[in-house]
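A short write-up of the structure that comes next.
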Amino acid sequence: MTLVTDSPVHSSSSEDFASFLDTHLTSTASDSSANEDSDGEEDLESKRVKRHKVEVLDIPENTHEPTTGAGTSKIEDICAHPGTFGNMCILCGQRIDEDSSVSLGYIHKGLRLANEEIVRLRNADTKNLLSRKRLYLILDLDHTLLNSTLLFHMNSEEEYLKSRADSLQDIENGNLFMLEHMRMMTKLRPYVRQFLKEASQLFEMYIYTMGDRPYAREMAKLLDPRNEYFNAKVISRDDGTQKHQKGLDVVLGQESAVLILDDTENAWIKHKDNVILMERYHFFASSCQQFGFSCKSLSELKSDESETDGALAAVLRVLKRAHSLFFDELGDSLPNRDVREVLKTVRKEILQGCKIVFSRVFPTSFPAESHQLWKMAEQLGATCLVELDDSVTHVVATDPKTEKSRWAVKEKKFLVHPQWIEATFYLWKRLPEDNYSVNQL
Amino acid sequence: MFFHIILERNMQLHPRHFGRNLRDNLVAKLMKDVEGTCSGRHGFVVAITGIENIGKGLIRDGTGFVTFPVKYQCVVFRPFKGEILEAVVTMVNKMGFFAEAGPVQIFVSNHLIPDDMEFQSGDMPNYTTSDGSVKIQKDSEVRLKIIGTRVDATEIFCIGTIKDDFLGVINDPATA
């Protein structure tokens with residue numbers, strides 16, 4: 001029987017299968033062709049005939065080598081090849097093997113888009129989003145929304161957590177999970193559920209983590225068990241275009257409408273103005289050690305961040321403020337608004353009305369206006385003065401015995417350590433001055 | 001398209017399977033090895049329907065394993081350019097949508113979705129006509145035309161289009 005002799009074990013390219021089908025279909029009509037096929041199995045000439053037949057009958061071919069060179073280039077002239085899926089053009093289906101495009105592996109493996117197409121999509125999508133009164137929000141995982149540790153990094157004082165882990169069947173109501181298959185334990189930051197729920201009303205949210213893809217997916221499942229927030233918008237380090245850097249080039253949103261929540265500013269070198277820095281969440285002891293803290297971790301102290309007054313609650317207020325400023329208070333037309341400018345405005349409101357005098361903080365020869373702390377204070381909306389007068393509200397000093405410090409104590413003005421400005425800058429809220437008094441530190 | 005064809009494979013069998021049930025063991029192993037796999041040439045092997053012939057076994061020196069050449073009939077599935085296929089939508093996004101027809105993954109770019117259908121984001125992203133009468137979202141069934149295929153060792157990728165007559169949604173989960 002011809003079918004048997006034409007066994008695929010010997011043949012080498014996909015056309016043979018096509019031609020085999022072809023032969024099979026026509027074999028009932030003409031016996032001679034079937035015979036020729038069975039006899040000339042190893043015969044090169046017959047193979048050439050088969051290939052010829054395939055082309056004439058226009059049976060679709062999927063060969064690696066282009067069989068018809070002229071036809072290929074002709075199609076390329078017409079189609080711009082906006083992107084590829086599994087190395088095929090998404091518009092014309094043509095095979096493309098070059099790699100100039102950006103991989104969007106987080107959406108679907110095998111999907112790549114050319115830069116022009118990404119720009120086109122980005123513009124269209126941003127317009128669409130702004131018309132629905134939303135902005136983009138990019139969230140980091142570790143130390144921002146949650147804290148994870150490997151099981152074997154847990155010390156004896158943390159052992160009690162293992163028996164307290166919440167059920168993976170009821171993710172929505174838990175916040176401490178044991179992931180046996182990844183040998184990990186994960187603690188969600190207090191308030192994170194409420195945070196995501198409220199933020200999803202105002203933002204289209206992405207996850208962007210330096211963890212690998214399986215980890216990112218697993219964490220997304222814990223944060224978003226019903227898949228409401230991060231549908232195919234989980235970006236891991238495997239998807240980035242640069243090593244050890246996070247970038248917005250794989251995000252389909254315009255920079256002027258993106259806010260980023262991360263604990264490491266250095267990961268976003270090109271987009272520092274979009275970043276809202278988060279106070280790191282260290283729940284497990286291993287995480288504290290990693291960053292060089294010798295104090296007891298929250299897990300060892302059996303405590304946790306405050307639910308209503310923690311970092312996430314604070315940052316949610318900042319996000320809401322930025323969102324309402326962007327949409328309700330800016331005069332420009334929507335496409336011209338820039339969320340980075342808005343962020344600066346929000347920051348300016350924090351120390352509005354404060355008048356600050358620095359005392360022996362800067363070296364004498366150093367121009368005070370260009371010092372980091374001075375700039376920070378101004379970005380926070382405070383007015384910096386060189387000389388004392390009655391309107392001054394804060395004196396910043398490291399030494400309680402300077403002339404200005406003593407003046408502050410006498411006049412009952414706030415006398416604070418420079419760290420107060422730094423902490424206020426990073427935490428986006430005016431912190432109680434009493435915690436930063438000069439004597440204490 | 002589905003095909004019923006005869007394929008051949010050399011099966012290696014461990015000596016512990018020899019005996020009365022040798023043939024059964026061989027067939028069971030063949031099914032386990034072959035069904036659900038993909039080959040660039042034939043496409044996806046759906047099911048083995050029968051054994052044509054089992055050749056003489058050849059004992060391997062040193063290991064005691066025996067190699068049998070087995071010819072078997074099977075049903076294979078392979079998409080072709082120009083073929084019309086029905087598929088289930090698995091993911092919708094601003095680039096277009098992904099759909100599956102058995103083992104085949106199909107991508108339909110938004111360039112190849114009719115111009116009157118617009119992308120709507122939200123909890124359930126979808127493409128909808130301006131009058132809202134037709135909607136493509138996750139789990140919708142669509143009829144599409146294949147314009148490009150690539151069959152890998154383990155996967156089949158296709159590019160599809162619904163920008164043609166009689167293509168598009170055939171069953172909407174929302175209204176069903």
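Sequence lines set the chain letters: A, B, ... in the order given, protein chains first and strands last, and positions in each chain run from 1. Small disclaimer: the values here were computed from a predicted structure and weren't measured.
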If you draw a 6.0 Å radius around CD in B/Glu118, do more than 12 non-hydrogen atoms from other residues or ligands fall strictly inside?
no

Could you grab the distance from atom CG of A/Leu252 to atom NZ of B/Lys94, nearest 0.5 Å is fine?
5.0 Å

With sequence neighbours excluded, what pairs up with A/Asn123 under the side-chain contact (heavy atoms from CB on, under 4.5 Å) test?
A/Val119, A/Gln254

Most contact-rich option vs chain B, by heavy-atom pairs under 4.5 angstrom, among A/Ile107, A/Leu104, A/Leu129, is A/Ile107

Can you tell me how far apart CZ (A/Arg120) and NE2 (B/His111) are? Round to the nearest 0.5 Å.
4.0 Å

Count the heavy atoms belonging to other residues, nucleotides or ligands that lie under 6.0 Å from CG of B/Asp131, then report whether that count exceeds 12.
yes

So for B/Ile106, is it side chain, backbone, both, or neither that comes closer than 4.5 Å to the heavy atoms of chain A?
backbone

Distance, nearest 0.5 Å, that separates CZ of B/Phe157 from NZ of A/Lys109
4.5 Å

Does B/Ile84 CD1 have over 12 foreign heavy atoms under 6.0 Å away?
yes

Once you round to the nearest 0.5 Å, how far does CD1 of B/Ile159 lie from CZ of A/Arg95?
11.0 Å

Heavy-atom contact with chain A under 4.5 Å, split by part of B/Asn110:
side chain

Roughly how far, to the nearest 0.5 Å, is the CG atom of B/Asn93 from the CG atom of A/Leu111?
7.5 Å

Chain B contact via A/Leu121 - which portion, at a heavy-atom distance below 4.5 Å:
side chain

Measure distances from A/Arg122 to the heavy atoms of chain B and classify the residue's part below 4.5 Å as side chain, backbone, both or neither.
neither

Heavy-atom distances under 4.5 Å only: say whether A/Leu113 touches chain B with side chain, backbone, both or neither.
side chain

Does anything in residues 29-37 of chain B get under 4.5 Å of chain A by heavy atoms, and if so which residues?
none

B/Phe107 vs A/Phe85 aromatic rings, parallel, tilted or perpendicular, using cut-offs 30° and 60°?
tilted

Chain B contact via A/Arg132 - side chain, backbone, both or neither, heavy atoms under 4.5 Å
side chain

Only pairs of heavy atoms separated by less than 4.5 Å count here; which of B/Gly96, B/Cys158, B/Ser39, B/Pro125 has the most with chain A?
B/Cys158

side-chain contact (heavy atoms from CB on, under 4.5 Å) partners of B/Pro15, counting only residues at least two apart:
B/Phe18

Give the member of B/Met124, B/Glu155, B/Met95, B/Met91 that has the highest number of heavy-atom pairs under 4.5 Å with chain A.
B/Met95

Taken in chain and number order and not counting sequence neighbours, the residues that satisfy side-chain contact (heavy atoms from CB on, under 4.5 Å) with B/Arg60 are B/Gln12, B/Leu58, B/Thr63, B/Phe65, B/Thr67

